Amino acid sequence: MWTLPRAFAVPLGTKPARCWTSPIPKRSISGCTTSATSSTKRSRASASAPATTTRSGRFPPSCSTSKTQNSSRPQPAGRSTAAQRSLHNTTTTTAREKERDSVTTPNSAQQHTPRRIDVRTASPYPVLISRGIETMIPPMLEVTEGASTFLIIHQPALAERAAHVARLLEAEGKVAELLEISDAEDGKTIASAERCWDRCADAGLTRQDCIISVGGGAATDLAGFIAATWMRGIRVAHVPTSLLGMVDAAVGGKTGINTTRGKNLVGAFHEPAAVLIDLDTLKDLPREELIAGSAEIIKAGFIRDERIIEIYEDDPTEALNPAGDVLPELIERAIKVKADVVAQDLKESYIREILNYGHTFCHAVEQQENYRWRHGQAVGVGMMFEAELAKAAGLIDQELVDRHRNILRSVGLATTYRHSDFDTLIEVMGRDKKNKQGKIRFVVLEGLANPTRLESPSREHLDAAWEAISE
């Protein structure tokens with residue numbers, strides 16, 4: 001067993017010269033900047049517990065926010081667009097003016113100044129958070145300056161929302177085309193990717209243009225992969241409409257499609273130009289989707305931000321309320337955790353691995369269930385397995401294991417799994433992308449907000465964890 005580094009002051013992409021021997025300190029969330037887009041004020045959320053170590057290693061300070069640029073955007077020749085065809089009408093000049101007025105009128109009910117979290121990698125990008133997407137379109141167009149055509153990839157249930165985004169872009173003089181993909185993991189296939197590439201060609205997308213995803217994590221993964229591969233890389237902006245997509249898939253630049261051999265085995269790291277989070281879309285989500293998305297927020301709490309755990313313990317019901325103030329705070333905290341980590345390690349060469357807490361077992365369950373389990377439910381039982389594994393290895397006590405179980409159950413997430421032979425699951429985990437030299441590697445905890453890595457755990461410890469969660 002060996003642990004993740006205490007200090008991360010090495011340049012991005014630099015590999016450590018030796019195995020790491022110190023745990024990650026508990027620390028404030030400082031790898032990202034939060035602000036209103038119209039203000040220079042910045043605030044930072046910090047974990048409540050102090051560092052427990054006497055060594056000085058900490059995450060380096062945040063990087064500066066990327067500058068947006070104002071310039072005139074080219075006005076493409078007017079032509080019928082997919083948004084117009086899908087709605088079976090023609091958008092008139094008067095209608096476009098009304099659309100623009102509805103966005104910019106100060107008295108509009110949708111007028112909110114977006115919150116902004118800057119993901120400060122080598123290619124910084126903003127995560128904009130607001131109620132209503134209208135005010136987020138102008139800053140998105142600033143960071144995609146030069147794009148005249150946008151291909152909007154969306155899932156079936158989100159056709160109307162995608163068409164609304166298209167109309168907002170057309171009101172700004174852009175060409176917007178729509179492409180519907182299959183829902184959930186069914187859309188993340190090679191056949192779907194080929195169809196998207198063909199549509200990119202038909203739409204005439206150049207290297208200056210942009211793809212937009214409208215949907216959950218699967219749409220984000222696919223659209224990002226298409227953007228990464230079309231003409232060797234064009235820009236992509238994400239409009240996540242699921243809680244899982246908001247706090248996980250849309251941020252961090254991971255893209256991919258599935259094969260018969262596993263999930264996301266084909267993909268690329270391709271950071272978005274912007275992420276637009278409309279909190280109002282959460283009101284339309286089924287409760288099951290809110291529950292599933294909570295798993296990634298809870299994960300962020302266990303690996304980095306203790307305040308997240310406290311919020312769920314204090315009021316798990318309000319943590320699932322899309323109309324309240326608690327869930328937006330949890331979303332922002334989870335995004336800050338991820339932004340902070342990926343700013344240090346975009347391509348998962350070391351510290352980013354902590355974001356995989358619960359995911360080694362999770363991915364095995366998903367494959368065994370033919371991807372019919374919601375990802376968040378699989379993450380929940382994955383965290384439970386890896387907490388039990390850490391306990392069996394003597395890294396954490398029963399109290400922290402029980403804390404996992406109580407929080408996960410309080411919001412309706414799975415904590416047990418009984419539907420497979422464990423030897424088969426071990427075989428699947430043996431093919432996990434994080435493994436090295438044929439050794440299974442797990443991210444586990446040594447304490448709350450204190451993750452480490454466990455390499456090649458004994459079969460005795462694996463069996464103990466399996467017995468505990470398969471009761």
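Fair warning: this is a prediction, and the values are worked out from it, not measured in the lab.
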Open item on the list: If I take atom CD1 from residue Ile211 and atom CG from residue Leu222, how far apart are they, to the nearest 0.5 angstrom?
Closed with: 9.0 Å
Open item on the list: Quick check against the 3.5 Å criterion: does Asn258 have a side-chain atom that pairs as donor or acceptor with the backbone of Thr189?
Closed with: no
TODO: Return the minimal non-hydrogen interatomic distance between Ala268 and Ala228, and the atom names on each side.
DONE: CB-CB, 4.0 Å
Task: Salt-bridge present (Asp278, Arg161; N to O < 4.0 Å) - done: yes
Open item on the list: Measuring only between side-chain heavy atoms, which start at C-beta, is Glu271 closer than 4.5 Å to Val236?
Closed with: no
Open item on the list: Can you tell whether the side chains of Glu388 and Arg405 come within less than 4.0 Å, N to carboxylate O?
Closed with: yes
- [ ] First locate atom CG of Leu141, then atom CZ of Phe150, and finally report the distance between them rounded to the nearest 0.5 Å.
- [x] 5.0 Å
- [ ] Quick one: list whatever passes ring pair (Phe, Tyr, Trp, His ring centres under 6.0 Å) with Phe422, sequence neighbours left out.
- [x] Trp466
Open item on the list: Show every ring pair (Phe, Tyr, Trp, His ring centres under 6.0 Å) that has at least one partner inside residues 282-305, sequence neighbours left out.
Closed with: Phe302-His404
TODO: Please identify each residue that fulfils salt bridge (charged side-chain N to carboxylate O under 4.0 Å, His left out) with Glu288, with sequence neighbours left out.
DONE: none
Open item on the list: Within the supplied structure, the quantity of interest is the number of heavy atoms (other residues, nucleotides, ligands) at a distance under 6.0 Å from Glu460 CD; does it exceed 12?
Closed with: no
- [ ] Would you check if Asp305 and Arg333 make a side-chain contact, meaning some heavy-atom pair closer than 4.5 Å?
- [x] yes
Open item on the list: Quiz question: by atom type and distance under 3.5 Å, do the side chains of Thr424 and Gln368 form a donor-acceptor pair?
Closed with: no
Open item on the list: So if I apply the side chain to side chain contact (heavy atoms under 4.5 Å, CB included) rule between Ile277 and each of Leu243, Leu282, Ile129, which one comes out positive?
Closed with: Ile129
TODO: Enter the distance from Leu454:CG to Glu446:CD here, rounded to the nearest 0.5 Å.
DONE: 9.5 Å
Task: Rounded distance (nearest 0.5 Å) linking atom CG of Leu327 with atom CD1 of Ile311 - done: 10.0 Å
Open item on the list: For Asp340 and Gln344, which I'm curious about, is there any donor-acceptor pair between the side chains at under 3.5 Å?
Closed with: no
Task: salt bridge (charged side-chain N to carboxylate O under 4.0 Å, His left out) partners of Asp314, counting only residues at least two apart - done: Arg307
Task: Reported NZ-to-CG distance for the pair Lys439 and Asn435, which is rounded to 0.5 angstrom - done: 11.0 Å
Task: Pairs satisfying salt bridge (charged side-chain N to carboxylate O under 4.0 Å, His left out), at least one member in residues 232-249, at least two apart - done: Asp248-Lys338
Task: Separation of Leu408 CG from Ile291 CD1 (nearest 0.5 Å) - done: 12.0 Å
Open item on the list: To check you understand the geometry: which heavy-atom pair defines the closest contact between Pro328 and Leu279, and what is its length?
Closed with: CB-CD1, 4.0 Å
Open item on the list: Looking at every heavy atom in both Val247 and Gly293, which two are closest together, and how far apart are they?
Closed with: CG2-O, 4.1 Å
Open item on the list: I'd like to know if the side chain of Lys299 and the backbone of Leu355 have a donor-acceptor N/O pair within less than 3.5 Å.
Closed with: yes
Task: Check: Lys391 and Leu400 side chains under 4.5 Å, non-hydrogen atoms - done: no
Open item on the list: Checking the side chain of Thr144 only, and the main-chain atoms of Ala147 only, is there a donor and an acceptor separated by less than 3.5 Å?
Closed with: no
Open item on the list: Test: salt bridge (charged side-chain N to carboxylate O under 4.0 Å, His left out). Region: residues 354-364. Which pairs qualify, not counting sequence neighbours?
Closed with: none
- [ ] Mark yes when over 12 heavy atoms from residues, nucleotides or ligands other than Asp325 sit less than 6.0 Å from its CG; otherwise mark no.
- [x] no
Task: Side-chain H-bond candidate by donor/acceptor type, Arg409 with Thr415, under 3.5 Å - done: yes
TODO: Give the intermediate values and the outcome of side chain to side chain contact (heavy atoms under 4.5 Å, CB included) for residues Arg352 and Leu346.
DONE: CA-CA 7 Å; Arg352 185 168 179 167; Leu346 175 63; 3.8 Å; yes
Task: Pair Asn406, Glu313: side-chain N/O donor-acceptor within cut-off below 3.5 Å - done: no
Task: Residues forming a salt bridge (charged side-chain N to carboxylate O under 4.0 Å, His left out) with Lys283, sequence neighbours excluded - done: Asp280
TODO: Carefully, step by step, assess Asn264 and Lys254 under the rule side-chain hydrogen bond (donor to acceptor under 3.5 Å, both in side chains).
DONE: CA-CA 9 Å; Asn264 294 328; Lys254 278 189 177 181; over 6 Å; no
- [ ] Kindly give the heavy-atom pair with the smallest separation between Leu413 and Ala292, and that separation in Å.
- [x] CD2-CA, 4.1 Å
- [ ] Locate the shortest heavy-atom distance separating Leu395 from Leu445; write the atom from each residue and the value.
- [x] CB-O, 3.6 Å
- [ ] Look at the side chain of His270 and the backbone N and O of Ile234, then say whether any donor-acceptor pair between them is shorter than 3.5 Å.
- [x] yes
TODO: With the side chain counted from C-beta on, respond yes when Thr135 and Thr113 share a heavy-atom pair under 4.5 Å apart, and no when they do not.
DONE: no
Side-chain atoms of residues 316-323: list all donor-acceptor pairs with protein atoms under 3.5 Å, sequence neighbours left out, distances to 0.1 Å.
residue: Glu318; atom: OE2; partner: Asn321; partner atom: ND2; Å: 3.0
residue: Asn321; atom: OD1; partner: Ala323; partner atom: N; Å: 3.0

Task: Arg459 atom CZ, neighbour heavy-atom count above 12 within 6.0 Å - done: yes
Task: Pairwise salt bridge (charged side-chain N to carboxylate O under 4.0 Å, His left out) hits with a residue in residues 360-369, at least two apart - done: Lys263-Glu366
- [ ] Measure the shortest side-chain to side-chain distance between Leu151 and Ile212 over non-hydrogen atoms and say whether it is less than 4.5 angstrom.
- [x] no
TODO: Check whether any side-chain heavy atom of Leu169 sits under 4.5 Å from a side-chain heavy atom of Ile152, and report yes or no.
DONE: yes
Open item on the list: Any salt bridge linking Lys347 with Asp345? Criterion: basic side-chain nitrogen under 4.0 Å from a carboxylate oxygen.
Closed with: no
Open item on the list: Given 3.5 Å as the limit, does a donor-acceptor pair link the side chain of Ser192 with the main chain of Gly187, or not?
Closed with: yes
Task: Non-neighbouring partners of Arg372 that pass salt bridge (charged side-chain N to carboxylate O under 4.0 Å, His left out), sequence neighbours left out - done: Asp186
Open item on the list: Contact between Leu276 and Ile133 at the side-chain level, heavy atoms closer than 4.5 Å - yes or no?
Closed with: yes
Open item on the list: Between Arg403 and Asp397, does any NZ, NE, NH1 or NH2 come within less than 4.0 Å of an OD or OE carboxylate oxygen?
Closed with: no
Task: Contact list for residues 362-392, test ring pair (Phe, Tyr, Trp, His ring centres under 6.0 Å), sequence neighbours left out - done: His359-His363, His359-His375, Phe361-Phe385, Trp373-Tyr417
Task: side chain to side chain donor-acceptor pair (under 3.5 Å) involving Thr360 - partner list, sequence neighbours excluded - done: Lys434
Task: Student check: side-chain heavy atoms of Leu462 and Phe442 closer than 4.5 Å - done: yes
Task: Criterion salt bridge (Lys or Arg N to Asp or Glu O under 4.0 Å) against Arg441, the qualifying member of Glu386, Glu353, Glu348 - done: Glu353
Task: Least distance between heavy atoms, Ile181 atom then Pro156 atom - done: O-CD, 3.0 Å
